[in-house]
Structure formats: C-alpha cells, structure tokens
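So the structure is just underneath, and the comments pick up after that.
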Amino acid sequence: MSQVRQSLLLAVIALAAVVPLLSAQEPKLPPEVKKVTVADGVELHYVEKGKGVPVVFVHGGGSDYSEWDHHLGAFAKHYRAIAYSGRYNYPNTNKRQPGYSPAVAADDLAALINKLDLGKVHVVGHSLGGQTALFLAVRHPELVRTLTLSDSGVHFKGDKLLEVAEPAWKRARAAFEKGNTEEALETILEVPAGGKVSIKKFPEVLRVRLMRNAGELEALAKGEVFPEVDPEAVKKLAVPTLLLFGEKSGPVFTGIREELMRVLPEKNRKLVIISGAGHGAHWTHAEQYRKEILEFLKDK
C-alpha cells in the first residue's frame, strides 16, 4: 500500500473516532443547528460557538458542517466559531440549480456572512472548501480578515490539475447519470487519495456522511468543479494567508501548493506542511492542525 493510500486510511479511521455514530435513519437536528436564507430559495444550516471575531469553517466536498465538530470548541475559547453546510449538503434541502461551482458557493458564503452581520471574518477552507474560500477572498475581499487554505483544490489556467482531476470527474458524472452513486463517489475520491478506494471498506459513519452529501458532488460534477482562478487577482490579495498541506497528501496537491506559493504575495503568506499527515490532516493531526491555525490568527 502506498504512503498516500495509507494516509487516506488513517484519515478515515480518525474520522470515525471524532464523529458520533449515525443510525441508518438520520436523527432530528440538534437544537444548536440554525439556518439562514442567503438567496431566493437557498437556505444554509450552520452551528456556532463562542464570542468575538468570527472564524468561518468551510467543509470539503462530500461533507457538511459536522466535519468541524471536533474543532469548534477549541476555537470558541477565543473566537465566534461558525461551521455551515453548503447549499446541497446535509441538512439543506435546496432545489438543484444548474451551473453550481465553488465560485457560486463563495457567493453563498458571502451572503451568509452579510446576513449574520459578521463583518470581516477569518475563513478556514479544506479541500474543495478551500476553493470556495479563495473565491470568497477574490470576489469579496471586504469580507475576509485572513485566509487559511487546507489541502485546497485550486485551478489556475495552464496548471496540471484538470489533466489529473477532470477525467475522474467526467467518469463520476457518467456514474451519477446512471444512478451509480457509490461508483461516482469512489471515482471522485481517487483524486485526493492518489489511487483507487472502496467506500465499502470505510467505517459506516463516513459512508453515511458521503452518501448524505452526494448531491453536492453530483451538482459539481454536472456544473463546474474547478473554475479557473485568476492568478492576477490572487497576486493582489492583501489578506494574510496560511497554506496548510499534509506531507503525504495526493500528488496533485504538490502542484497546487507550488502554484499558490508562486502567486500569493510573499509578505502575506505562510506555508506549513504537517509531517506524516495526508489529505485528512484536520482529522488525523487535529491538535497540530488547530495549533497552527490559532497561532496564525493571533493578533490578526
């Protein structure tokens, strides 16, 4: 087994340890889960803890607000910590609209920030959520205090991301159209894992989470999962930016990391590579992950 696939397995095991077990039938939402209307016919559910300057957490693809459950308490000691679910993620029931992408998700996030009257926020985005976070900073810079991109999937014109990822997403789209949801999800997971995976071997909690959020990945597969980010716009970003990558993350993230280091203003960026971690560093190396972000946010 390759190091990359070993790291994915570790992430899966760690996730099972930090997320409460779910029955086959979803329980009623806990009372702390709130919702806000961000656009006509679009509601987003979210949770929040603590007071102070807001830190907004953006989950990865195929996930939801609960991805950050094990982090919110620590951040709530110093900040108003908020985790939300994207428009096609559990427990949202928004009607599917064509053309969904991380850029659209960024506009949803901007609306959530404005509706909750949060002002400038610290934004932490993981994986596909990192794309959303970067688009937010580019399209709505007035809302962003700092930016943390964790193993983010970002596509710049001329890079190799599409060469690696697009074939998998095309196969996933075909699988979704045939109603083969598990096959589609496994195909998508090949990109961050750097190799084939089997959902049947995942702990039940992760299978449940993936399946309940398959609608988001289907919307992205049929929309635009990797819209181009304008490198010139990124070069002009004035917000402090933390890049967090796992040492053993899939090979595609090496190119993304190098490109982000090239285009982000040197005076505003910081790179941290978490030793021994893969794409799921926020699960497998949670304590170090939090420590790096909290240290970065200090006095900002």
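Only heavy atoms go into these numbers, but all of them, side chains included; no hydrogens, no water, no symmetry mates.
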Between Tyr289, Tyr46, Phe75, which is the residue that forms a ring-ring contact (aromatic ring centres under 6.0 Å, His included) with Phe57?
->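 Going through Tyr289, Tyr46, Phe75 one by one, the ring-ring contact (aromatic ring centres under 6.0 Å, His included) with Phe57 is satisfied by Phe75 alone.
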
Which heavy-atom pair separates [X] from [Y] by the least distance, and what is that distance?
X: Ile273; Y: Gly246; answer: CG2-C, 4.3 Å
X: Gly125; Y: Ser152; answer: O-OG, 3.9 Å
X: Ser127; Y: Gly60; answer: CB-CA, 4.2 Å
X: Trp169; Y: Leu217; answer: CZ3-O, 3.6 Å
X: Thr132; Y: Ala106; answer: O-CB, 3.5 Å
X: Arg96; Y: Gly215; answer: NH2-O, 3.6 Å

Look up atom [atom1] in [X] and atom [atom2] in [Y], then write down how far apart they are to the nearest 0.5 Å.
X: Ile82; Y: Leu116; atom1: CD1; atom2: CG; answer: 6.0 Å
X: Ser66; Y: Leu72; atom1: OG; atom2: CG; answer: 10.0 Å
X: Ile274; Y: His285; atom1: CD1; atom2: NE2; answer: 7.5 Å
X: Thr187; Y: Asn180; atom1: OG1; atom2: CG; answer: 9.5 Å
X: Glu287; Y: Glu292; atom1: CD; atom2: CD; answer: 11.5 Å
X: Gln97; Y: Asp40; atom1: CD; atom2: CG; answer: 8.5 Å

Within the side chain of [X], is there an N or O that forms a donor-acceptor pair under 3.5 Å with the backbone of [Y]?
X: Arg207; Y: Phe202; value: yes
X: Thr241; Y: Val239; value: yes
X: Ser85; Y: Tyr65; value: yes
X: Glu186; Y: Ile199; value: yes
X: Arg87; Y: Ala105; value: no
X: Asp230; Y: Glu232; value: yes
X: Asp159; Y: Phe156; value: yes

Take Leu210 and Leu189, measure what side chain to side chain contact (heavy atoms under 4.5 Å, CB included) needs, and give me the verdict at the end.
-> CA-CA 10 Å; Leu210 283 168; Leu189 287 171; 4.1 Å; yes

With sequence neighbours left out, which residue pairs that include part of residues 91-130 fulfil the ring-ring contact (aromatic ring centres under 6.0 Å, His included) condition?
->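 As it turns out, the ring-ring contact (aromatic ring centres under 6.0 Å, His included) pairs with a partner in residues 91-130, which skip direct neighbours, are Tyr79-His122, Tyr88-Tyr100, His126-His279, His126-His282.
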
Student check: side-chain heavy atoms of [X] and [Y] closer than 4.5 Å:
X: Asn114; Y: Leu143; result: yes
X: Val144; Y: Leu237; result: no
X: Leu44; Y: Lys115; result: no
X: Leu271; Y: Met261; result: yes
X: Phe135; Y: Leu109; result: no
X: Trp68; Y: Val47; result: no
X: Phe176; Y: Ile188; result: yes
X: Thr146; Y: Leu242; result: no

Using a cut-off of 6.0 Å, state whether more than 12 heavy atoms not belonging to Glu32 lie near its atom CD.
->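 Result for CD/Glu32: enclosed.
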
Can you name the residues that form a side-chain contact (heavy atoms from CB on, under 4.5 Å) with Glu258, not counting sequence neighbours?
->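 Checked Glu258 against side-chain contact (heavy atoms from CB on, under 4.5 Å); matches are Thr254.
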
In chain order, what residues pass the side-chain contact (heavy atoms from CB on, under 4.5 Å) check against Thr37, with sequence neighbours excluded?
->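 Listed in chain order: Glu43.
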
Taking only residues at least two apart or on different chains, which pairs with a member in residues 213-222 satisfy side-chain hydrogen bond (donor to acceptor under 3.5 Å, both in side chains)?
->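 Found Asp64-Asn213, Asn89-Glu216, Glu218-Lys222.
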
Any chance you could lay out the side chain to side chain contact (heavy atoms under 4.5 Å, CB included) test for Val229 and Val263, step after step, and finish with the verdict?
-> CA-CA 11 Å; Val229 182; Val263 298; over 6 Å; no

Salt bridge (Lys or Arg N to Asp or Glu O under 4.0 Å): which pairs involve residues 139-158, sequence neighbours left out?
->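 Qualifying pairs: Asp107-Arg139.
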
For [Y], is there an ion pair with [X] - N to carboxylate O distance below 4.0 angstrom?
X: Glu48; Y: Arg80; result: yes
X: Glu190; Y: Arg171; result: yes
X: Arg209; Y: Glu67; result: no

If you look only at distance, which donor and acceptor atoms sit under 3.5 Å apart when one is on a side chain in residues 293-300 and the other is two or more places apart or in another chain?
residue, atom, partner, partner atom, Å
Glu295, OE1, Lys298, NZ, 3.3
Lys300, NZ, Phe296, O, 2.6

